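Step one of this worksheet: look at the structure below.
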Amino acid sequence: MNRNISRAVITLSFVSLFTDMASEMLYPIMPLYLKQIGFTIIGIGILEGLAEAVAGLTKGYFGKWSDATGKRLPFVQVGYTLSALSKPMMAFFTNSWWIFTARSLDRVGKGIRTGARDALLSDEATPETKGTVFGFHRSMDTVGAMLGPGLALIILFYYPGDYIFLFYLAFIPGVLAIIATFFIKEKKVSISTKVKPWSFTGFVKYWKQSPINYKKLGGAMLFFALINSSDVFLLLKIKEAGVSDYLLIGTYIFYNAVYALLAYPLGIIADKVGLKKMLLGGILCFSFTYVGFGLASEFYQFALMFFLYGVYAAATEGITKAWMSNMVPKSETATAIGTFSGFQSIAALAASTMAGLIWSFFGSQILFFSVAAAAVMVALYISRFVKHERQISTVVVK
């Protein structure tokens, strides 16, 4: 094991692995289950949209709260507990308000833990090892995203349509994640005095007073999130080509496998060549991939595009947060990442809405080509205007 990967990072990575295993076990079948219990397509869209909005609004708030109290672990434990409890809740009752409550509970859990968890990872790294640490975490997280759908595929093969059993089964890795959090020891961090912990809009104020380089990178990546719609549209493109449901889920597992295998080594390489170069390479890979999706018509072509899509994810997801954490004081890491993640969730909601409209009125090819062109613009902006910082800012806390 790389000496830059501490015991706390390993434990937290297993927590994420178990949680993603539970979540991704349900991801492919969630719309099928909701339709089975009476939700319409519009209803599913409203449910998921509101759930993502809840997650987006809470990420910045709880990240700011974590920095204001100087605590990370309690937010991580509560967040993962709520997400675990939400899984079996969806199988207890099928009333629409109950389903909305369960989905919101899952998203609130994600909102509570995201900033604090990423701050914990940042606290376990130096500015020169952020790519390695965040890359390792993303790799382990994505192993769970690969195992979950794989297990769901096996169960549905033997028990077709038994979605409720999957919701109960998903509770098991969720419990394992909660147990693992009690083996984490957090380091003492400085307390941020910039914002009050109980101000719900404090994270918005933080954006205004944050370092200029953080705002430049955050703004560029938020625009990228605004054009980068849900992966569901990639799966719909495959479905449009006549691929079976099992092969579709298998392709999604393949994508996660590529992501899991490459996130850690690309994180190590990023620390050597620079986080900025790795991020730019990942965005350009994304652009090429979307052009490919626009042109592809055969399954082997889609498989190649999903391989490249996995490369893009491995080169950007953890790297973005790693680079951002180098742009702000340690006492503001959870606020900075939580604020960005919150705005990112809201942007992603708008992205999927716009993507659906473009696909409906102009076709899938126009959607993929236009997104690819916009991604190149994001890469050019970051290359020109965002400085490559390797040293974290420091503040004196009195």
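Just so it is clear, the model here is predicted, and its values are computed rather than measured.
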For [Y], is there any backbone N or O sitting under 3.5 Å from a side-chain donor or acceptor partner on [X]?
X: S66; Y: K71; value: yes
X: S287; Y: I283; value: no
X: E332; Y: P329; value: no
X: S383; Y: A379; value: no
X: K321; Y: S122; value: no
X: T339; Y: A336; value: no
X: K87; Y: S23; value: no
X: W98; Y: M89; value: yes

Quick one: pull up [atom1] in [X] and [atom2] in [Y] and give me the separation to the nearest 0.5 Å.
X: D20; Y: M140; atom1: CG; atom2: CE; answer: 11.5 Å
X: R7; Y: I184; atom1: CZ; atom2: CD1; answer: 12.5 Å
X: F165; Y: L156; atom1: CZ; atom2: CG; answer: 10.5 Å
X: R138; Y: L266; atom1: CZ; atom2: CG; answer: 13.5 Å
X: E124; Y: I5; atom1: CD; atom2: CD1; answer: 10.0 Å
X: I112; Y: F62; atom1: CD1; atom2: CZ; answer: 4.0 Å

Under 3.5 Å side-chain donor-acceptor pair for [X] and [Y]:
X: K59; Y: T114; value: no
X: T129; Y: T126; value: yes
X: Q36; Y: Y163; value: no
X: R113; Y: S83; value: yes

Specify the closest pair of heavy atoms between [X] and [Y], including all atoms of both residues, with the distance to one decimal.
X: D271; Y: K130; result: OD1-N, 3.6 Å
X: S139; Y: A263; result: N-CB, 3.6 Å
X: T132; Y: I268; result: OG1-CA, 3.5 Å
X: V108; Y: L82; result: CG1-CD1, 4.3 Å
X: L222; Y: Q344; result: CD2-N, 3.4 Å
X: S86; Y: D106; result: OG-CB, 3.2 Å

Residues passing the salt bridge (charged side-chain N to carboxylate O under 4.0 Å, His left out) test with R107, sequence neighbours excluded, are E52

Shared ILVMFWY cluster between [X] and [Y], side chains joined below 4.5 angstrom?
X: L261; Y: L304; value: no
X: F223; Y: L284; value: no
X: V376; Y: F286; value: no
X: L147; Y: Y264; value: yes
X: I238; Y: F369; value: no

Do the two ring centres, one from F306 and one from F293, sit under 6.0 Å apart?
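When the ring centroids of F306 and F293 are compared, they turn out to be within the sub-6.0 Å range.
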
| Ring centroid separation Y214 to W207 under 6.0 Å |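 Between Y214 and W207, the centre distance is under 6.0 Å.
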
**Message:** With side chain to side chain contact (heavy atoms under 4.5 Å, CB included) as the criterion, how do L166 and L26 come out once you've worked through the C-alpha distance, each side chain's angles and the decisive distance to 0.1 Å?
**Reply:** CA-CA 7 Å; L166 284 176; L26 305 177; 4.0 Å; yes

For a 4.5 angstrom cut-off between non-hydrogen side-chain atoms, does [X] reach [Y]?
X: K387; Y: M327; answer: no
X: C285; Y: T289; answer: yes
X: D162; Y: I155; answer: no
X: S16; Y: H137; answer: yes
X: F224; Y: M377; answer: no
X: F340; Y: M221; answer: yes
X: F134; Y: L275; answer: no
X: L217; Y: I382; answer: yes

[X], [atom1]: over 12 other non-hydrogen atoms inside 6.0 angstrom:
X: F307; atom1: CZ; result: no
X: F254; atom1: CZ; result: yes
X: K277; atom1: NZ; result: no

Short N-O contact, R72 and D67, less than 4.0 angstrom:
yes

Check the orientation of [X] and [Y]. Use parallel for under 30°, tilted for 30 to 60°, and perpendicular for over 60°.
X: Y309; Y: Y255; result: tilted
X: F92; Y: Y168; result: tilted
X: F167; Y: Y33; result: tilted
X: W359; Y: F368; result: perpendicular
X: Y381; Y: F385; result: tilted

I366 and F361: CA distance, side-chain angles, deciding distance, side chain to side chain contact (heavy atoms under 4.5 Å, CB included) verdict
CA-CA 10 Å; I366 294 297; F361 287 102; over 6 Å; no

Note to self: Please determine whether side chain to side chain contact (heavy atoms under 4.5 Å, CB included) holds for the pair L12 and V76, giving the CA-CA distance in whole Å, both sets of side-chain angles, and the decisive distance to 0.1 Å.
What the structure shows: CA-CA 9 Å; L12 192 56; V76 170; 4.1 Å; yes

- Query: Hey, mind stepping through V371 and N228 against side chain to side chain contact (heavy atoms under 4.5 Å, CB included) and telling me if it holds?
  - Reply: CA-CA 7 Å; V371 169; N228 184 10; 5.8 Å; no

